[in-house]
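The structure appears right after this line, and notes come after that.
Chain letters run A, B, ... following the sequence lines, proteins first, then strands; residues in each count from 1.
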Amino acid sequence: MRLATWNVNSIKVRLPQLLDWLRATSPDVVCLQELKTEEPKFPRTELEAAGYACAVNGQKTYNGVAILSHTPPVDVVADIPGFADEQKRVIAATVDGVRVVCAYCPNGQAVGSEKYQYKLRWFAALRDYLAAELQMHPRLAVAGDFNVAPEDRDVHDPKAWEGQVLVSAPERDAWRALLALGLKDSFRLFEQPEKIYSWWDYRMLGFRRNAGLRIDHVLLSARLAQACTASTIDKAPRKLERPSDHAPVLAEFGAGA
DNA sequence: ATGGCTACGATCCGTAGA
């Protein structure tokens with residue numbers, strides 16, 4: 001199974017690129033974030049024609065997540081159960097016996113802001129949710145835009161970013177609380193080149209300068225981590241005209257999963 | 001020089017992203 005996550009920053013604008021990328025890459029499961037559209041306007045027909053069933057949790061203008069899969073997703077659950085939240089940031093489904101949680105974690109805007117407090121509350125709720133999911137599903141993958149660069153090596157200029165939102169100590173603590181559940185960062189299961197990122201600012205020639213952050217991740221339960229054979233970031237879509245500011249992240253599992 | 005871009009929904013600017 002090949003699983004991917006991609007923050008597309010508007011499904012409407014990025015649909016042609018997504019369809020091209022699905023044809024070129026043929027992932028079995030794709031987690032999408034920042035659809036920025038309501039479910040009725042989600043391009044279900046086009047994606048079904050491309051061979052993907054869709055589970056969608058949409059919202060006008062902001063947020064919005066979906067799971068696409070060759071095998072239709074079952075036991076679909078939207079949002080974090082028991083956590084009151086207007087924002088559509090989570091959808092979960094089971095595909096081929098793998099429980100997939102697609103997450104668009106809050107940005108946090110600025111350390112200490114109202115949105116930052118919300119981000120930390122949200123991560124606490126996610127941790128509790130994933131702890132319960134792990135009890136039920138030994139084969140669990142959590143894929144999405146986490147809006148946290150876990151370590152300094154995930155940051156192009158750690159000195160400039162020190163203490164800022166996306167890298168601050170409380171955010172990294174929230175990330176490590178997910179790892180403490182037994183989840184593994186798929187990308188770090190393997191030797192990787194240096195300076196690999198998943199997001200580059202549209203401004204300041206961010207991509208050309210490789211001034212990026214690694215904030216999009218695939219977390220795996222122990223069982224899936226054992227069976228994981230590769231995890232990569234595909235920079236190709238970021239090079240296109242009118243790209244998303246995020247690149248897709250992939251994780252692949254062997255038959256032993 | 002702390003901006004610079006992109007998307008959205010309402011205009012011809014404000015909000016948000018990260």
Rounding to an integer number of angstrom, what distance separates B/dA10 and B/dT15 when you compare their P atoms?
15 Å
Length of the line joining A/E114:CD and B/dA16:P, which is rounded to integer Å:
12 Å
Applying ring pair (Phe, Tyr, Trp, His ring centres under 6.0 Å), can you list everything that pairs with A/W21, at least two apart in sequence or on another chain?
A/W6
Filter on salt bridge (charged side-chain N to carboxylate O under 4.0 Å, His left out), then keep only pairs touching residues 98-122 of chain A, sequence neighbours left out; what's left?
A/R99-A/E133, A/K119-A/E171
Please report the distance separating the C1' of B/dG9 from the corresponding atom of B/dG4, rounded so that it comes out in whole Å.
23 Å
Salt bridge (charged side-chain N to carboxylate O under 4.0 Å, His left out) involving A/E34 - partner list, sequence neighbours excluded:
none
A/V142 and side-chain contact (heavy atoms from CB on, under 4.5 Å): which single residue from A/V90, A/T5, A/L130 fits?
A/L130
Under 4.0 angstrom, heavy atoms only, what part of the nucleic acid is A/K115 near: base, sugar-phosphate, or nothing?
sugar-phosphate
side-chain hydrogen bond (donor to acceptor under 3.5 Å, both in side chains) contacts in which one or both residues fall within residues 45-54 of chain A, not counting sequence neighbours
A/Y52-A/H70
Once you apply a heavy-atom cut-off of 4.0 Å, does A/D216 come out as touching a base, just sugar-phosphate, or nothing?
nothing
Rounded to the nearest angstrom, tell me the gap between atom OH in A/Y118 and atom P in B/dG17.
9 Å
With salt bridge (charged side-chain N to carboxylate O under 4.0 Å, His left out) as the rule and sequence neighbours excluded, what pairs involving residues 54-83 of chain A come up?
A/D79-A/K88
Close approaches to DNA chain B from residues 142-166 of chain A, in residue order (heavy atom, under 4.0 Å)
A/D145, A/N147, A/L166
Contact list for residues 12-22 of chain A, test salt bridge (charged side-chain N to carboxylate O under 4.0 Å, His left out), sequence neighbours left out
A/D20-A/R23
Mind checking A/L205 for me? I need base, sugar-phosphate or nothing, with any heavy atom below 4.0 Å counting as a touch.
nothing
Categorize A/Y104 for me: base, sugar-phosphate, or nothing, with a 4.0 angstrom heavy-atom threshold over every strand shown.
sugar-phosphate
Which pairs count as salt bridge (charged side-chain N to carboxylate O under 4.0 Å, His left out) when at least one residue sits in residues 199-214 of chain A, sequence neighbours excluded?
A/D154-A/R214, A/D185-A/R214, A/D201-A/R203
Should the pair A/R172-A/E151 be classified as a salt bridge under the 4.0 Å nitrogen-to-oxygen rule?
no
Can you check each nucleotide of nucleotides 5-10 of chain B against protein heavy atoms at under 4.0 Å and return B for base, S for sugar-phosphate only, - for none, in 5' to 3' order?
BSSSS-
If you measure from the C1' atom in B/dA1 to the same atom in B/dA16, how many Å do you get, rounded?
24 Å
Between atom CD in A/Q59 and atom P in B/dA16, what is the gap in whole Å?
12 Å
B/dT2 and B/dC13, which share atom name C1', separated by this distance in whole Å:
22 Å
